[in-house]
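Shown next, in structure tokens, is the structure this report addresses.
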Amino acid sequence: MDYLYLALKFLIGGGIIVGVTLLAEHVDPKYGGILVAAPIITTLAIIFVYSEAGQSVARQLAIGAFWFAIPTLLFLLVLYVLMGRYPLIPSFGGAGLVWLAVVVAMNRVIVPV
């Protein structure tokens with residue numbers, strides 16, 4: 001793999017994280033949330049996968065992202081609830097465990113990829 005291409009991928013991903021942080025801190029957390037929820041990373045991943053592995057793999061990635069967005073939504077909901085009651089790290093731990101349990105369950109039962 002070309003190291004310049006790999007560095008470009010890292011810079012794009014890191015730039016998005018910096019943009020979210022700046023929006024949330026200096027403008028309005030709502031706008032940071034919009035950027036976080038936007039399918040930017042998914043779009044970039046599908047573009048990179050398409051260019052490297054072709055349409056079939058990119059389609060499988062798209063449907064996998066669809067199904068596994070559900071555990072991410074549950075993660076965010078549980079994180080929000082737990083952060084109202086506990087410090088940040090335990091809240092992330094609890095939300096992460098819920099996410100992992102739902103991912104494992106969906107991987108075994110639902111996802112027809």
Side-chain angles (χ1 to χ4, degrees):
M1 173 175 279
D2 181 21
Y3 290 113
L4 185 58
Y5 184 62
L6 187 61
L8 177 66
K9 289 181 187 181
F10 276 106
L11 287 173
I12 291 170
I16 292 168
I17 292 169
V18 169
V20 167
T21 305
L22 289 173
L23 277 173
E25 289 178 0
H26 300 291
V27 179
D28 187 337
K30 173 178 65 178
Y31 297 124
I34 290 170
L35 190 58
V36 162
I40 298 168
I41 298 298
T42 305
T43 300
L44 290 171
I46 290 171
I47 289 169
F48 287 132
V49 166
Y50 181 87
S51 70
E52 295 171 15
Q55 183 169 350
S56 175
V57 177
R59 287 186 74 230
Q60 290 175 343
L61 177 60
I63 195 66
F66 170 79
W67 285 112
F68 289 111
I70 296 166
T72 300
L73 292 172
L74 290 172
F75 169 85
L76 293 170
L77 180 62
V78 170
L79 180 63
Y80 175 79
V81 170
L82 291 178
M83 285 178 66
R85 299 178 183 164
Y86 303 103
L88 181 66
I89 300 302
S91 296
F92 270 115
L97 289 174
V98 168
W99 175 85
L100 183 60
V102 176
V103 164
V104 169
M106 289 186 72
N107 194 42
R108 290 178 182 236
V109 177
I110 297 175
V111 179
V113 176

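Throughout, numbering of the chain's residues begins at 1 and tracks the sequence. Predicted model only: the values in this text are computed from it and were never measured.
Residues Phe66 and Leu76 are members of one and the same hydrophobic cluster, defined by side-chain heavy-atom contacts under 4.5 angstrom among Ile, Leu, Val, Met, Phe, Trp and Tyr. Under the 4.5 Å side-chain heavy-atom criterion for ILVMFWY residues, a single connected hydrophobic cluster contains both Val57 and Leu61. Ile17 and Phe10 fall into different hydrophobic clusters, where Ile, Leu, Val, Met, Phe, Trp and Tyr are joined by side-chain heavy atoms under 4.5 Å apart, directly or via other members. Both Leu8 and Ile41 belong to a single network of hydrophobic side chains, linked directly or stepwise wherever heavy atoms of I, L, V, M, F, W or Y lie under 4.5 Å apart. Following chains of ILVMFWY side-chain contacts shorter than 4.5 Å, one cannot reach Leu6 starting from Leu11, and the two form parts of different hydrophobic clusters.
When hydrophobic side chains of Ile, Leu, Val, Met, Phe, Trp and Tyr are connected at separations under 4.5 Å, Leu22 ends up clustered with Val18.
Applying the ring pair (Phe, Tyr, Trp, His ring centres under 6.0 Å) test to pairs two or more places apart or on separate chains, none has a residue in residues 11-31. Note on residues 37-64: pairs passing ring pair (Phe, Tyr, Trp, His ring centres under 6.0 Å), not counting sequence neighbours, are Tyr5-Phe48.
In this structure, the side chains of Trp99 and Leu74 stay at 4.5 Å or more apart for every pair of heavy atoms.
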Going through the distances and angles, do Val104 and Leu100 end up as a side-chain contact (heavy atoms from CB on, under 4.5 Å)?
CA-CA 6 Å; Val104 169; Leu100 183 60; 4.3 Å; yes
Run the numbers on Phe68 and Asn107 for side-chain contact (heavy atoms from CB on, under 4.5 Å), then give the verdict.
CA-CA 9 Å; Phe68 289 111; Asn107 194 42; 4.2 Å; yes
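When the side-chain contact (heavy atoms from CB on, under 4.5 Å) test is applied to Leu73, no partner is found at least two apart in sequence or on another chain. Checked against side-chain contact (heavy atoms from CB on, under 4.5 Å), Ala24 has no partners two or more places apart in sequence or in another chain.
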For residues 77-86, which side-chain N or O atoms pair as donor and acceptor with protein atoms under 3.5 Å away, sequence neighbours left out?
none

